[in-house]
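Everything on this sheet refers to the single structure shown next.
In what follows, chains carry the letters A, B, and so on, assigned in the order in which the sequence lines appear, proteins first and then strands, with residues in each chain numbered from 1. Nothing here was measured: the structure is a model prediction, and the numbers come from that model.
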2 protein chains.
Amino acid sequence: MDAIDLSLVELLRGNARLSYAELARQVGLSAPAVHERVGKLESGGVIRAYRAEVEPEAIGLGVTALIGIVEDSGGDADDVLEAFRQMPEIESCYFMAGVESFLLKARVGTIAELEQLIVRLNRTPGVASTRTGIALSTKWENRPQPLTPPGA
Amino acid sequence: MDAIDLSLVELLRGNARLSYAELARQVGLSAPAVHERVGKLESGGVIRAYRAEVEPEAIGLGVTALIGIVEDSGGDADDVLEAFRQMPEIESCYFMAGVESFLLKARVGTIAELEQLIVRLNRTPGVASTRTGIALSTKWENRPQPLTPPGA
DNA sequence: GGCTCAGGTCGATGGCGTCCACGGACGGTG
DNA sequence: CACCGTCCGTGGACGCCATCGACCTGAGCC
């Protein structure tokens with residue numbers, strides 16, 4: 001992970017469809033060299049995926065909610081997690097410090113679907129209670145921040 | 001936005017670096033046709049960006065926090081928003097229903113940096129108080145959910 | 001019917017991805 | 001010091017891909 005790798009990561013976070021030739025020009029290496037570096041970043045787990053970022057409303061997912069989960073004292077966190085994983089509406093899942101063990105970001109089409117999701121969550125074994133906040137609008141999301149090399 | 005557009009979006013959400021030729025094979029059109037469709041999806045705002053998804057720890061951003069913001073009664077939400085926008089640590093920003101007007105997802109390198117960020121947030125004009133939760137681990141994030149055509 | 005337009009296919013061409021052989025820099029070893 | 005792997009890069013070659021223009025086809029409308 002040197003400065004060139006960092007530049008490549010930053011370039012690809014900004015635009016994942018840049019060609020290797022273009023990346024090569026930007027970092028001052030040849031295309032095969034860049035190809036190899038990016039390959040190593042991928043297989044080394046630094047780059048996890050390349051994703052198109054889509055306007056959620058355009059694909060019928062207009063409702064965003066953030067849901068805090070309080071765990072049952074007797075429950076097993078792994079089982080709860082597995083149950084969450086089965087629910088495709090849950091886009092993100094964080095294990096949190098605090099009373100609410102999990103924070104979920106969910107995306108659904110309608111408030112009715114959100115209601116159904118919350119019911120399902122509350123019925124899930126290991127879940128004691130839920131607390132839902134609705135996002136009225138998303139100002140921005142997953143904005144890449146400029147990379148400062150570790151130790152700068 | 002027909003079924004083919006939806007497939008293209010779904011394919012690109014899964015892997016943004018697919019070639020037009022490969023997309024064409026998957027949806028059963030010619031490459032130029034796919035090229036034109038994807039171009040329209042981009043310029044129509046359905047596809048907002050293509051991003052590489054990076055392991056945050058690998059680029060020195062090991063601490064994830066979710067911060068709720070209570071607004072000052074006298075403040076202007078736009079000014080607050082603009083102040084948030086200037087803080088690169090804030091990756092996502094939702095305008096919420098409820099007492100806490102905003103929910104922020106922030107990513108920093110160390111707890112010390114998080115402390116500094118919280119101090120800056122509390123000093124921001126228009127911000128009455130903040131409430132910070134720390135993510136101990138990210139189970140998953142921005143998982144694309146299977147697309148169901150609107151009305152299915 | 002015949003016009004027009006949207007949206008597709010086909011063919012050509014220049015650039016790109018990717019494989020391979022080669023070469024210099026570096027560090028450990030007789 | 002000379003020697004020799006190893007790492008990491010370059011340059012060339014070749015086939016595939018992106019992209020443009022020309023043409024085709026079906027739907028909607030005078």
Legend entry - Distance-only donor-acceptor check, side chains B:Glu141 and A:Ser92, under 3.5 Å: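 Their side chains do not contain a donor-acceptor pair, so the 3.5 Å distance test is not met.
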Inset, instruction - Please lay out, stage by stage, how B:Gln26 and B:Val34 fare under the test side-chain contact (heavy atoms from CB on, under 4.5 Å). - result: CA-CA 10 Å; B:Gln26 300 271 341; B:Val34 167; over 6 Å; no
Rounded to the nearest Å, what distance is computed from the [atom1] atom of residue [X] to the [atom2] atom of nucleotide [N]?
X       : N      : atom1 : atom2 : result
A:Arg17 : C:dC16 : CZ    : P     : 15 Å
A:Ile4  : D:dC8  : CD1   : C1'   : 11 Å
A:Lys40 : D:dC7  : NZ    : P     : 8 Å
B:Glu22 : D:dA18 : CD    : P     : 10 Å
B:Leu29 : D:dA18 : CG    : C1'   : 16 Å
A:Asp2  : D:dG9  : CG    : C1'   : 12 Å
B:Tyr20 : C:dC16 : OH    : P     : 14 Å
A:Leu8  : D:dG9  : CG    : P     : 10 Å

Do we get [X] above [Y]'s six-membered ring, with its NZ or CZ under 6.0 Å from the centre and within 45° of the axis?
X        : Y       : value
B:Lys139 : A:Phe95 : yes
A:Arg107 : B:Tyr94 : no
A:Arg17  : B:Tyr20 : yes

Legend entry - Side-chain N,O (B:Arg25) to OP1/OP2 (D:dC17) below 4.0 Å: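 Yes.
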Legend entry - Any A:His35 side-chain N or O less than 4.0 Å from OP1/OP2 of C:dT18: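 It does, given that an N or O in the side chain of A:His35 lies less than 4.0 Å from OP1 or OP2 of C:dT18.
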Quick check for you: among [options], whose closest atom lies nearest to any side-chain atom of [X]?
X       : options                : result
A:Pro32 : D:dC17, C:dG17, C:dT18 : C:dT18
B:Ala21 : D:dA18, C:dT9, D:dC8   : D:dA18
B:Arg37 : D:dC17, C:dG8, C:dG7   : C:dG8
B:Ala31 : C:dC16, D:dT19, D:dT10 : D:dT19

Give me the distances for all protein-to-nucleotides 23-28 of chain D N/O pairs that come in under 3.5 Å?
none

Inset, instruction - Report which part of the nucleic acid B:Ser30 touches: base, sugar-phosphate, or nothing (heavy-atom distance under 4.0 Å, all strands). - result: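 Result for B:Ser30 = base.
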Legend entry - Sub-4.5 Å side-chain heavy-atom contact between B:Arg37 and B:Leu8: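 Counting from C-beta outward, B:Arg37 and B:Leu8 do come under 4.5 Å.
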Inset, instruction - Could I get the full list of side-chain contact (heavy atoms from CB on, under 4.5 Å) partners for B:Ser7, not counting sequence neighbours? - result: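 Here the qualifying residues are B:Val27.
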